[in-house]
Amino acid sequence: MDAREQTLRTAHRLADDWLASLDTRHVPAVATVGEMADRLGAVLPDGPTEPAEVVELLATAGSPGVVASPSGRFFGMVIGGTHPAALGADWLVSAWDQNAGLDVLGPTVAAAEQVAGRWLLDLLGLPPGAAVGFPTGATMSNWSCLAAARDEVLRRAGWDVAADGLTGAPAIRVLVGAEVHESVLFALSYLGLGRPERVAADGEGRIDPAALSAALAGRSGVPTVVVLQAGNVHSGAFDPFPEAIAAAHAAGAWVHVDGAFGLLAAASPRLAHLTAGMADADSWTTDAHKTLNVPYDCGITIVRDPDALNRALGKHGDYLIRSGTGDPTDRTPEFSRRARGVPVWAVLRSLGRDGVGQLVEQLHSVARTVVDGLATVPGAQVLNDVVYTQVCFTLGPDARTEAVGRRLMADGTAWVSGSRWRGRAVLRVSVSNWSTTADDVRRTIASLAEAVAAVDASAPQECGVPAGR
Ligand SMILES: *Cc1c(COP(=O)(O)O)cnc(C)c1O
């Protein structure tokens with residue numbers, strides 16, 4: 001066996017061991033970054049080490065600091081699992097080592113991404129002629145879509161931002177819902193658009209279409225962008241697209257939808273009602289590394305008018321060998337890029353249309369079983385209407401909720417982390433992993449019930465409520 005073969009076999013065995021350990025391992029890491037940095041090497045070695053030995057060292061020394069985020073009991077943030085077809089394809093992407101920026105550098109990966117893009121538009125009911133790009137995540141997809149939006153609303157106002165920049169340009173209004181995701185704010189400031197105007201939202205975090213109409217009234221003619229949301233990170237709620245998009249379009253605005261984990265609801269016959277009217281927007285963001293369960297990283301940019309995306313992100317350079325029909329680099333911020341759309345092709349090819357719908361429905365039905373489980377936990381109160389994959393709950397006073405959250409994370413059976421929503425401390429369960437089973441939910445609820453009992457039995461100062469409560 002040569003060094004390469006030995007290294008890949010070692011990596012394969014270690015990857016198998018890691019995946020097999022997910023069912024029993026402590027979900028949060030059990031070591032800090034500082035501890036792991038010490039283990040991985042204080043001093044750069046002077047001489048060489050066999051590649052296989054390095055991979056072995058990484059896995060063994062690194063083990064305590066690896067979070068079991070692909071585990072079926074990881075419910076933090078919005079973190080997808082890893083579908084086997086996507087993982088296998090991702091290994092090939094590394095071995096092939098294609099630069100996916102230009103068609104000519106990788107016809108197979110460029111084609112796989114084109115096919116994946118077409119399949120996604122079909123699955124999601126989006127315009128078949130839309131442009132699709134594969135940046136690192138929803139943050140860069142939001143950025144890409146909003147770059148196209150900015151340039152297009154200025155172009156309609158007679159201003160060429162690519163040539164003349166923003167200095168002296170007509171002011172752009174950007175309206176977002178009160179519970180907009182932070183990544184949209186980041187994208188807007190990066191694009192030189194500053195802080196947007198926030199429009200009131202209802203109790204589930206959905207933008208209020210009447211408030212949006214009122215904010216837009218009498219200002220048509222001003223270049224305007226409206227950002228809506230498919231999937232609120234606390235409630236999972238979807239904005240009322242038909243009313244909101246009609247109001248925005250009546251005012252001549254570009255409408256962007258941040259659907260980092262919610263866009264995929266459109267692929268399910270049972271959940272597609274949540275996305276009704278969404279296809280009338282001008283651009284859409286989603287993450288394949290969330291609901292679609294490809295390994296990190298992969299966001300998806302979708303823009304109705306391919307020319308608008310091309311004007312914003314298209315690149316020119318004499319040494320680039322161009323396809324003539326537009327290359328992948330014209331649809332993402334990057335020049336050079338990993339072929340991260342290939343795992344998307346693989347998971348769609350493996351699941352098929354029905355399988356993608358069932359995946360999303362399963363995430364929703366697991367979220368419903370979490371609600372049922374919470375009904376058995378003393379004092380647990382679900383705050384949101386669980387229409388999709390997010391469950392947001394409290395255990396009464398903030399101090400009790402926070403103390404239970406700390407106990408739960410220290411126990412390590414599951415990852416259920418805290419946040420603040422509607423002015424209260426909450427715990428969030430985000431169901432985003434295809435591999436989560438009923439048994440994972442049972443073990444998570446059991447760990448939660450133990451944490452509640454332990455907090456209630458502990459000194460009042462830990463939880464701020466009387467002992468024995
Ligand atoms: C996760 C998320 C983002 C950011 O996605 P990244 O993939 O982390 O860049 C944006 N919007 C929403 C609604 C999200 O859930």
Side-chain angles (χ1 to χ4, degrees), residues 67 69-70 74-82 86 120 124 132-147 149 174 176-191 196 198 201 204-207 225-239 241 244 255-266 274-275 278 281 283-302 332-334 337-338 340-341 343-344 360 363-364 367 384 387-392 415 417 419 421 426 428-433:
V67 175
S69 39
F74 186 97
F75 299 110
M77 279 57 87
V78 184
I79 305 259
T82 313
L120 279 167
L124 301 177
V132 181
F134 295 92
T136 49
T139 302
M140 286 320 291
S141 168
N142 279 325
W143 181 88
S144 303
C145 292
L146 291 168
V174 183
V176 302
E179 297 198 9
V180 64
H181 191 272
E182 185 63 29
S183 65
V184 170
L185 303 180
F186 168 79
L188 291 170
S189 75
Y190 202 169
L191 289 165
R198 295 210 183 213
E204 297 292 324
R206 292 176 294 226
I207 199 167
V225 178
V226 172
V227 181
L228 303 177
Q229 186 167 261
N232 174 297
V233 292
H234 287 105
S235 67
F238 292 65
D239 281 343
F241 298 114
V255 181
H256 173 62
V257 177
D258 176 6
F261 66 95
L263 213 67
L264 262 288
L274 297 167
T275 63
M278 183 182 80
S283 59
W284 304 263
T285 278
T286 194
D287 256 331
H289 58 224
K290 290 181 178 169
T291 314
L292 209 51
N293 280 246
V294 310
Y296 282 96
D297 48 24
C298 185
I300 301 174
T301 296
I302 305 172
T332 66
E334 302 89 356
R337 181 173 64 78
R338 174 180 182 77
R340 61 171 70 86
V344 175
V360 185
L363 301 180
H364 171 58
N384 65 308
V387 294
Y388 192 49
T389 55
Q390 311 292 298
V391 183
C392 210
W415 182 306
S417 44
S419 180
W421 191 45
V426 295
R428 289 178 59 246
V429 173
S430 171
V431 183
S432 310
N433 191 323

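This structure is a prediction, so every number in the text was calculated from the model and none was measured. In each ligand, atom 1 is the first atom listed, and ligand 1 is the first ligand listed.
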Out of all atoms in ligand 1, which are within 4.0 Å of some heavy atom of [X]? Include the element for each.
X: A260; result: 2 (C), 3 (C), 10 (C), 11 (N), 12 (C), 13 (C), 14 (C), 15 (O)
X: D287; result: 5 (O), 6 (P), 7 (O)
X: V233; result: 15 (O)
X: F261; result: 15 (O)

(request) May I ask you to identify, for K290, whether its side chain, its backbone, both or neither come under 4.0 Å of ligand 1 on a heavy-atom basis? (result)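 K290 to ligand 1: side-chain contact only, backbone stays beyond 4.0 Å.
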(message) Side chain, backbone, both or neither: which applies to A138 and ligand 1 if a contact is any heavy-atom pair less than 4.0 Å apart?
(response)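 The answer is both.
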(message) If we check side-chain contact (heavy atoms from CB on, under 4.5 Å) with L263, which of these qualifies: D287, T286, L120, T285?
(response)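 Of the listed residues D287, T286, L120, T285, the side-chain contact (heavy atoms from CB on, under 4.5 Å) partner of L263 is T286.
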(message) Pairs of nitrogen or oxygen atoms closer than 3.5 Å, one from H289 and one from ligand 1: do any exist?
(response)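 Yes - when backbone and side-chain N and O of H289 are compared with those of ligand 1, one distance drops under 3.5 Å.
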(message) Please check whether D258 reaches ligand 1 - meaning an N/O of the residue sits under 3.5 Å from an N/O of the ligand, judged on distance alone.
(response)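 It does: an N or O of D258 is found under 3.5 Å from an N or O of ligand 1.
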(request) Write out the residue and atom name of the closest protein heavy atom to atom 10 (C) of ligand 1, then the distance separating them to 0.1 Å. (result)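 Looking at atom 10 (C) of ligand 1, the protein heavy atom closest to it is S183 OG, 3.0 Å.
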pair [X]-[Y]: side-chain heavy atoms closer than 4.5 Å:
X: S432; Y: F261; value: no
X: L146; Y: V227; value: yes
X: L264; Y: K290; value: no
X: C298; Y: F134; value: yes
X: F241; Y: L228; value: yes

(request) Considering non-hydrogen atoms only, spot the tightest contact between P70 and N433 and give its length. (result)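 Scanning both residues completely, I find the closest heavy atoms to be O-ND2, 2.9 Å.
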(message) If we only consider heavy atoms of M140, is any one of them less than 4.0 Å away from an atom in ligand 1?
(response)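 Outside the 4.0 Å threshold, so no.
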(request) Name all residues meeting the side-chain contact (heavy atoms from CB on, under 4.5 Å) criterion together with S235; count only those two or more places apart in sequence or in a different chain, and write none if there are none. (result)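 For S235, the residues satisfying side-chain contact (heavy atoms from CB on, under 4.5 Å) (neighbours in sequence not counted) are E204, N232, A237, N384, W421.
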(request) Ignoring hydrogens, just give me the one of T286, T139, N232 whose non-hydrogen atom is nearest atom 8 (O) of ligand 1. (result)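 Minimum heavy-atom distance to atom 8 (O) of ligand 1 goes to T139.
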